Amino acid sequence: VVVDIEGVRVDEVDLQGYARDTPALVGDARIVANLVAAGMTHRACRGVIAITGDDHANLAVAIAAKLLNPHTPVICRAMSLEVARNMASFGTDHIVNPFQRFGEHLWLALHAPTVCRLISRLTGLPGTKLATETTPPHGRWIVCGYGRFGREVIGCFDREGLEATVIDPRPQAGEGRRVVQGYGTEAGPLREAGVETAVGIVAGTDNDVNNLSIAVTAREINPKLFVVLRQNLEANRLLFEAFAADITMVSAEIVAYQSLSIIATPLLARFLGMAGAQDDAWASRVIARLEDVAGSTVAATWGVDINAAAAPAIHRALMFEKDDCPLEALLRDPTSRDRELACMALLLVRDDEEIVAPDARTLLRPGDRLLFAGTDAARDLQRIDDQWARAKGYSHLRVDGAFVPTDAWPRLSRFQEHTIELPVADLRATPDNEPALRGAIAKALEFGKGVIHVLSPLEALERAMAKRDPALAVMT
């Protein structure tokens with residue numbers, strides 16, 4: 001459910017052509033009644049995302065969520081350090097600062113460019129062709145605009161030991177470093193800052209027209225200049241694409257990708273944090289493997305939890321049959337086991353242990369959490385949830401009280417508990433059936449580790465089978 005204070009943006013929701021209908025509400029998110037009307041307190045609410053352009057509005061949403069629905073995860077955008085700290089004090093689960101995130105990215109591009117390229121391979125739109133990336137050069141830089149964004153960029157240069165000159169209309173800006181007074185939109189301040197001999201420039205004000213003017217003027221003076229351009233408004237995308245800066249920073253995209261990563265693939269953010277601490281040699285090895293499975297496109301990423309909901313086949317084999325199951329089982333095509341899937345394991349989380357790029361021979365355990373990267377086709381083929389029951393010759397499982405065919409297994413929600421039962425036999429308790437009954441009970445006790453369920457009436461199952469409709473098998 002979308003809540004937005006601007007009616008025009010709410011109307012746009014209907015025009016976007018999303019995969020499913022998205023309810024939208026015109027209202028001020030700072031008003032609790034609007035959040036309740038959107039379903040914040042509803043039992044089906046799975047999370048709250050506050051990414052308005054107003055930090056205090058996002059803070060109000062975070063506070064409301066933690067008071068009204070304290071167990072619901074909350075993702076918030078915060079540009080101010082003070083507001084971010086306030087959000088954290090209320091237990092906000094994820095706080096996204098796009099300026100800080102970009103500063104970390106720019107430092108990584110300077111410090112470990114191959115690691116940066118690896119991250120780009122995993123965080124773009126899956127299946128799209130990788131953009132050609134250029135590495136920011138070392139040397140003296142110019143930063144236009146010393147606001148919150150400029151401070152993050154200067155912090156990145158300081159961390160890498162690079163000299164930077166600030167251009168800002170406020171003479172007191174810069175906090176001790178050299179400052180040229182002005183905006184950078186004219187040649188005078190740029191030349192005074194030494195644009196002729198600088199290796200790069202950051203046009204980072206909060207005005208898109210000024211940023212484009214800075215970039216155009218600087219490139220005219222020094223065509224070899226590496227340009228980092230800040231884009232504030234989506235409406236100006238065509239202008240920024242026409243200029244073709246070496247790096248364009250778009251806050252909205254950073255927030256969107258970060259939020260999507262947290263929701264869809266929680267382990268990815270964890271892996272990226274670990275990757276940032278690795279060296280270029282390690283990143284080169286991982287990139288080479290990614291190229292083998294995904295070619296020159298952005299890899300899809302997904303998680304697999306070894307539990308009854310996400311991978312019941314392996315979970316049951318490990319829990320009840322005590323079979324050994326190596327990670328390799330998830331890296332092979334379930335329809336042809338001699339064929340490898342176009343994917344690789346990036347991370348294995350086991351209790352408090354984190355294993356980066358685990359070996360295919362690693363034996364899995366119940367509760368393991370895995371992060372994979374590869375193609376969408378490999379992800380779809382990895383749906384082996386029903387293989388255990390089908391391999392044993394069983395046509396159905398009973399999931400949350402409903403009979404589900406194993407050849408049309410649904411994707412179960414990972415955010416709720418499920419009851420999954422194996423129908424071992426259907427028969428009537430008569431003297432003639434006693435041997436079969438004893439055998440079925442023994443088998444059920446073996447699979448269930450001493451637990452067995454008896455369901456009736458059998459007529460309901462017979463009716464469902466005759467009608468070929470498992471939903472009719474209502475039994476208790």
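Bear in mind that the values here come from a model prediction, so they are computed numbers and not experimental data.
Heavy-atom minimum distance, A373 versus L290: CB-CD2, 3.8 Å. Residue I263 comes nearest to P266 through the heavy atom pair O-CD, 4.2 Å, listed as atom of the first residue, atom of the second, then distance. For the pair I167 and P189, the tightest heavy-atom approach, listed with the atom from each and the gap, is CD1-O, 3.8 Å. Closest of all the heavy-atom pairs between L330 and L341 is O-CD1, 3.7 Å. Taking both residues in full, the closest heavy atoms of I49 and S259 are given as CG2-OG, 4.5 Å, listed atom of the first, atom of the second, then distance. The two residues T375 and A294 have their closest heavy-atom pair at CG2-CA, 4.3 Å.
E12 and R9 are not joined by a salt bridge, as no carboxylate oxygen comes within less than 4.0 angstrom of a charged side-chain nitrogen.
When the side-chain contact (heavy atoms from CB on, under 4.5 Å) test is applied to A37, the partners found at least two apart in sequence or on another chain are L25. Among residues two or more places apart in sequence or in another chain, the side-chain contact (heavy atoms from CB on, under 4.5 Å) test is passed with E192 by R178, V180. In this structure, the side-chain contact (heavy atoms from CB on, under 4.5 Å) partners of H138, at least two apart in sequence or on a different chain, are L110, E160, L162. Partners of D11 by salt bridge (Lys or Arg N to Asp or Glu O under 4.0 Å), not counting sequence neighbours: none found. Judged as a side-chain contact (heavy atoms from CB on, under 4.5 Å), and not counting sequence neighbours, the contacts of V26 are V10. Partners of R285 according to the salt bridge (Lys or Arg N to Asp or Glu O under 4.0 Å) rule, which considers only residues two or more places apart in sequence or in another chain, do not exist here.
Looking at Y183 and S213, their side chains never come closer than 4.5 Å, going by heavy atoms from C-beta outward. The shortest distance between side-chain heavy atoms of W141 and V228 falls below 4.5 Å. The side-chain heavy atoms of S261 and T123, taken from C-beta on, include no pair separated by under 4.5 Å. Here the side chains of Q258 and V255 are not in contact, with every heavy-atom distance at 4.5 Å or above. Taking 4.5 Å as the limit, some side-chain heavy atom of F157 sits within range of a side-chain heavy atom of V143. Using a 4.5 Å heavy-atom threshold, the side chains of L327 and L364 count as touching. With contacts defined as side-chain heavy-atom distances shorter than 4.5 Å, the pair C343/L331 qualifies. Proximity of V115 to D280: side-chain heavy atoms (C-beta onward) are separated by under 4.5 Å at one or more points.
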* Take L346 and L122, measure what side chain to side chain contact (heavy atoms under 4.5 Å, CB included) needs, and give me the verdict at the end. => CA-CA 11 Å; L346 294 175; L122 298 170; 4.1 Å; yes

* **Derivation of the side chain to side chain contact (heavy atoms under 4.5 Å, CB included) call for E340 and V293** => CA-CA 10 Å; E340 292 184 356; V293 299; over 6 Å; no

* Please assess K66 against D93 for the test side chain to side chain contact (heavy atoms under 4.5 Å, CB included), listing each intermediate value before the final yes or no. => CA-CA 10 Å; K66 286 304 175 183; D93 301 271; 2.9 Å; yes

* Asked: Under the side chain to side chain contact (heavy atoms under 4.5 Å, CB included) criterion, do D158 and R177 qualify, and how do the steps go?
  -> CA-CA 11 Å; D158 287 347; R177 69 190 72 250; 3.0 Å; yes

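Residue pairs meeting the salt bridge (Lys or Arg N to Asp or Glu O under 4.0 Å) criterion with at least one member in residues 341-350, sequence neighbours excluded: R350-D368. The ring-ring contact (aromatic ring centres under 6.0 Å, His included) pairs that include a residue from residues 67-122 are F99-F149, F102-F149, W107-H111, where partners are two or more places apart or lie in different chains. Sorted by first then second residue, the salt bridge (Lys or Arg N to Asp or Glu O under 4.0 Å) pairs that include residues 111-120, not counting sequence neighbours, number zero. Residue pairs meeting the salt bridge (Lys or Arg N to Asp or Glu O under 4.0 Å) criterion with at least one partner in residues 201-228, sequence neighbours excluded, are R219-D246.
Around the CZ atom of R365, the shell of radius 6.0 Å holds no more than 12 heavy atoms that belong to other residues, nucleotides or ligands.
For the atom pair CG of L59 and CZ of R30, the computed distance is 11.5 Å after rounding to the nearest 0.5 Å. To the nearest 0.5 Å, the span separating CZ on R151 from SG on C156 amounts to 16.0 Å. One distance of note links CG of L348 with CZ of F372; it measures 9.0 Å at 0.5 Å rounding. We find the CZ-CG distance between F243 and L229 to be 6.5 Å, quoted to the nearest 0.5 Å. Note that the CD1 atom of I119 and the OG1 atom of T114 stand 11.5 Å from one another [nearest 0.5 Å]. Atom CD1 in I63 sits 11.0 Å away from atom CG in L68 (nearest 0.5 Å).
Under a 3.5 Å cut-off, the side chain of D54 and the backbone N or O of H56 do form a donor-acceptor pair. Using modelled atom types, one side-chain atom of Q181 and one backbone atom of P169 make a donor-acceptor pair closer than 3.5 Å. Checked by atom type and distance alone, the side chain of T248 never pairs as donor or acceptor with a backbone atom of A244 at under 3.5 Å. Between the side chain of Q231 and the backbone N or O of L233 there is at least one donor-acceptor pair closer than 3.5 Å.
Between the side chains of T205 and N211, at least one donor N or O sits under 3.5 Å from an acceptor N or O.
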Only distances under 3.5 Å count here; give the side-chain donor-acceptor pairs of residues 74-82 to other protein atoms, sequence neighbours excluded, each with its distance to 0.1 Å.
unit_1 : atom_1 : unit_2 : atom_2 : d
R77    : NH1    : T52    : O      : 3.1
S80    : OG     : E82    : N      : 3.2
S80    : OG     : V83    : N      : 3.3

Run the side-chain donor-acceptor check on residues 195-203: report pairs under 3.5 Å with partners two or more places apart or on a different chain.
unit_1 : atom_1 : unit_2 : atom_2 : d
E196   : OE2    : R191   : NH1    : 2.9
T197   : OG1    : R140   : NH2    : 2.7
T197   : OG1    : G194   : O      : 3.4

